[in-house]
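Position 1 is the first residue of the sequence; numbering continues from there.
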Amino acid sequence: MEITRGDYDVFKFKRIMNGEVIETMPDQVYFTVKRSEYEDNFLFQKRLNEGIVIDKDFIYNIEIIPEDTNNLDFGDYIYDIEIVAGDKPKTIDKGVFKITYEVTTAKNEV
């Protein structure tokens with residue numbers, strides 16, 4: 001995943017198993033960004049109905065707002081997406097969350 005610092009974006013995904021879209025609603029969804037896998041505290045996190053919305057076609061929409069990245073340095077962070085159904089958490093994706101440089105900053109937008 002890659003985003004320009006301070007930008008708005010929506011990352012979308014579907015849960016698919018054996019070629020079929022999973023149409024059961026989870027109890028919770030987490031999208032978590034940290035500096036490294038060794039950190040206890042996250043930089044920001046999205047949760048179901050708090051930055052993550054599942055639409056009528058079972059597309060998961062993770063909304064990143066400028067305030068999430070405005071104060072972060074450019075560079076590579078880590079993320080994961082975890083689905084919780086019942087008492088069973090399952091990490092379905094993880095990787096690098098890259099924040100790239102910006103030319104027009106928030107203070108230039110006044």
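- Within the structure, ring-ring contact (aromatic ring centres under 6.0 Å, His included) contacts touching residues 56-95 (residues at least two apart or in different chains) are Phe13-Tyr60, Phe31-Tyr79.
- Side chains of Leu43 and Arg35 form a contact here, defined as non-hydrogen atoms less than 4.5 Å apart.
- No side-chain heavy atom of Lys46 sits less than 4.5 Å from a side-chain heavy atom of Ile81.
- Taking CZ of Arg47 as the reference point, atom OG1 of Thr32 lies at 8.0 Å (rounded to 0.5 Å).
- What you find for Thr4 and Thr69 is that their closest heavy atoms are O-OG1, 4.3 Å.
- Crowding of Glu20 atom CD: a count of heavy atoms from other residues, nucleotides or ligands under 6.0 Å not exceeding 12.
- Between the CG atom of Asp9 and the CE atom of Met1 there is a distance of 9.5 Å, given to the nearest 0.5 Å.
- Within 6.0 Å of CE in Met17 there are 12 or fewer heavy atoms belonging to other residues, nucleotides or ligands.
- Looking at residues two or more places apart in sequence or on another chain, you find no ring pair (Phe, Tyr, Trp, His ring centres under 6.0 Å) involving Phe11.
- Side-chain contact between Pro26 and Val84: absent, with no pair of heavy atoms (C-beta onward) separated by less than 4.5 Å.
- Interatomic distance, Ile52 CD1 to Glu63 CD, rounded to the nearest 0.5 Å: 10.5 Å.
- The side chain to side chain contact (heavy atoms under 4.5 Å, CB included) test with Ile54 singles out one residue from Met25, Lys14, Glu23, and that residue is Met25.
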